[in-house]
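This report refers to the structure that appears directly beneath it.
The sequence lines fix the lettering, A, B, ..., with proteins before strands; numbering per chain opens at 1.
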There are 2 protein chains.
Amino acid sequence: MAADPKWLSPDELAAWLSLAGLMFKLPGALDSQLQRDSGLTHFEYLVLAGLSESEGRSRRMSDLAGWANGSLSRLSHVVKRLESRGFVERRPAEDDGRITVATLTDAGFAFLETAAPGHVAAVREYVIDALTPEQLAQLRVVADQILARVDPDKSC
Amino acid sequence: MAADPKWLSPDELAAWLSLAGLMFKLPGALDSQLQRDSGLTHFEYLVLAGLSESEGRSRRMSDLAGWANGSLSRLSHVVKRLESRGFVERRPAEDDGRITVATLTDAGFAFLETAAPGHVAAVREYVIDALTPEQLAQLRVVADQILARVDPDKSC
DNA sequence: CCGCGTTGCTTGACGCTTCAAGTGATGGCC
DNA sequence: GGCCATCACTTGAAGCGTCAAGCAACGCGG
């Protein structure tokens, strides 16, 4: 499109800076809320939420890691912490000993139910309520297009 | 607007999940590129870039922290690292001893010039080229609106 | 069946960010 | 002029994420 691929036009730069600001601040804001109200990381929340929506409240590690947009290593650490808090259990799959299946415990589910409303309210306040439904739809399209570039495999 | 403030509609949820995925993956992708090609954090890059665009390649700490969307503490640590690498210098302001002014050295400027093309190319590839100019404009508006909610003070 | 490469996950070390406490410099108040 | 609250920044400790190895379990070729 535009001239020199080496630099950004003023419009491009401004848009990028806005997005960069968003990427810096929004995660922090959401993490703060979850941390203060529930002692959970955003990623930990996603893991619990992912399990709660799965069949048998269980899911294999790789699958869960992909769903939550995190590395397997990260998930392993996080699940270990959640396990020590009694929110999750791990055990090898019956048909393949290499696979580990994580399961949400009753305590974990109960805990998630106490954490969810506050988190949802924060998402609503920061994101949903800031935009018109039309903008929200635009945002989704835009985010998906960028995601497809960043992580081609995960385009589903 | 819609019904129960306690939960999200399917459309809202989908949009949110797309945005969440973006927030998780894009920073990591950009950090990776900068780290591998230049040994810089995205935040470190922003700090150097912010200084390079300032008058006299200098800026006071608080100002720089706000510009780069980071905490003062974070900036202090980062500037210390950059200083030990010889890219930045610090000294107290003449008229107010509390204020610290950071200055980009020639070495820092030269280093930034080697790092910039790769980073800009990554931003272009992941974000700019993924969108139409119209979408880019929408993204800017949307990001600014959300930012205004997350960080009311910073709305300039 | 027996290696041997592959898959799936775990672990440890290191680095960066955050949080809370600490250090000076400044300006207002008496 | 001296005291105290405040401002601007720095520091240290604790926690989380990433990277690079490591460790079993599986399954294919012979």
Side-chain angles (χ1 to χ4, degrees), chain A residues 23-36 38-47 58-85 88-103 151, chain B residues 23-36 38-48 58-85 88-103 151 153:
Chain A
M23 285 184 343
F24 269 99
K25 290 256 153 164
L26 187 51
L30 291 170
D31 261 342
S32 282
Q33 181 275 320
L34 271 171
Q35 195 74 46
R36 287 186 194 293
S38 315
L40 280 180
T41 300
H42 190 196
F43 187 73
E44 290 174 331
Y45 178 89
L46 272 182
V47 168
S58 298
R59 211 150 177 183
R60 57 178 294 192
M61 297 290 280
S62 321
D63 195 9
L64 192 55
W67 186 86
N69 288 299
S71 67
L72 194 49
S73 168
R74 184 179 187 179
L75 180 66
S76 184
H77 285 297
V78 165
V79 168
K80 192 199 292 182
R81 291 197 290 269
L82 292 174
E83 196 173 28
S84 74
R85 291 216 253 168
V88 165
E89 283 171 355
R90 272 188 291 191
R91 68 177 140 190
E94 293 164 9
D95 56 335
D96 186 338
R98 290 170 300 182
I99 292 174
T100 302
V101 175
T103 303
D151 190 5
Chain B
M23 283 184 346
F24 269 100
K25 291 256 153 164
L26 187 51
L30 291 170
D31 261 342
S32 281
Q33 182 274 321
L34 270 172
Q35 196 74 46
R36 290 188 190 291
S38 316
L40 281 179
T41 301
H42 189 195
F43 187 72
E44 289 173 331
Y45 178 91
L46 271 182
V47 168
L48 294 180
S58 298
R59 213 149 174 183
R60 58 177 293 193
M61 296 290 281
S62 321
D63 195 8
L64 192 54
W67 186 86
N69 289 298
S71 68
L72 193 49
S73 169
R74 183 181 188 180
L75 180 66
S76 184
H77 286 297
V78 164
V79 168
K80 192 200 291 182
R81 292 196 291 269
L82 291 174
E83 197 173 27
S84 74
R85 291 217 251 169
V88 165
E89 282 171 358
R90 273 190 290 193
R91 69 179 139 189
E94 293 165 9
D95 56 336
D96 186 338
R98 291 170 299 183
I99 293 174
T100 302
V101 175
T103 303
D151 190 6
D153 314 321

Integer-rounded Å distance: [N] [atom2] and [X] [atom1]:
X: Asn69(A); N: dG17(D); atom1: CG; atom2: P; result: 14 Å
X: Arg59(A); N: dG8(C); atom1: CZ; atom2: C1'; result: 17 Å
X: Arg85(B); N: dC16(C); atom1: CZ; atom2: C1'; result: 13 Å
X: Leu34(A); N: dG15(D); atom1: CG; atom2: C1'; result: 16 Å
X: Arg60(A); N: dC26(D); atom1: CZ; atom2: C1'; result: 13 Å
X: Gln35(B); N: dT18(D); atom1: CD; atom2: P; result: 12 Å
X: Leu75(A); N: dG8(C); atom1: CG; atom2: C1'; result: 12 Å
X: Phe24(B); N: dC16(D); atom1: CZ; atom2: P; result: 14 Å

Under 4.0 angstrom, heavy atoms only, what part of the nucleic acid is Ile99(B) near: base, sugar-phosphate, or nothing?
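Touches sugar-phosphate only.
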Check DNA chain D against residues 39-48 of chain B and give the residues with a non-hydrogen atom under 4.0 Å, in numerical order.
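Those residues whose heavy atoms fall under 4.0 Å from DNA chain D, taken from residues 39-48 of chain B, amount to none.
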Any side-chain to backbone donor/acceptor pair from Ser32(B) onto Gly28(B)? Under 3.5 Å, distance only.
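Yes; judged by distance alone, with no hydrogens or angles, the pair exists.
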DNA chain C: 5'-proximal contact among Leu72(A) and Gly28(A) (nearest heavy atom)
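The residue closer to the strand's 5' end, by nearest nucleotide, is Leu72(A).
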If you only use heavy atoms from C-beta on, which nucleotide in dG17(D), dT10(C), dG8(C) is closest to the side chain of Ser76(A)?
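Closest nucleotide to the Ser76(A) side chain: dT10(C).
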Would you say [X] reaches [N]'s phosphate, i.e. side-chain N/O to OP1/OP2 under 4.0 Å?
X: Arg81(B); N: dT10(D); answer: no
X: Thr100(A); N: dT10(C); answer: yes
X: Lys80(A); N: dT10(C); answer: no

Applying salt bridge (charged side-chain N to carboxylate O under 4.0 Å, His left out) as the test, list every pair that has at least one member in residues 65-81 of chain B; sequence neighbours left out.
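Sorted result for residues 65-81 of chain B: Glu44(B)-Arg81(B).
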For residues 61-71 of chain B, pull every pair meeting salt bridge (charged side-chain N to carboxylate O under 4.0 Å, His left out), keeping only residues two or more places apart or in separate chains.
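Sorted pair list: Arg59(B)-Asp63(B).
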Does [X] have any side chain to side chain donor-acceptor pair (under 3.5 Å) partners at least two apart in sequence or in another chain, and if so, which?
X: Arg91(B); result: none
X: Ser58(A); result: Thr103(A)
X: Arg98(B); result: Asp96(B)
X: Arg90(B); result: Glu83(B)

Are any of the side-chain heavy atoms of Phe43(B) and Asp31(B) separated by less than 4.5 Å?
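The answer is no; the side chains never approach within 4.5 Å.
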Holding to ring-ring contact (aromatic ring centres under 6.0 Å, His included), I want the full list of residues that pass it with Phe24(A), two or more places apart in sequence or in another chain.
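Phe24(A) satisfies ring-ring contact (aromatic ring centres under 6.0 Å, His included) with His42(B) once adjacent residues are dropped.
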Going 5' to 3' through nucleotides 19-29 of chain C, assign each nucleotide B (protein heavy atom under 4.0 Å from a base atom), S (under 4.0 Å only from sugar-phosphate atoms) or - (no protein heavy atom that close).
B----BBS---
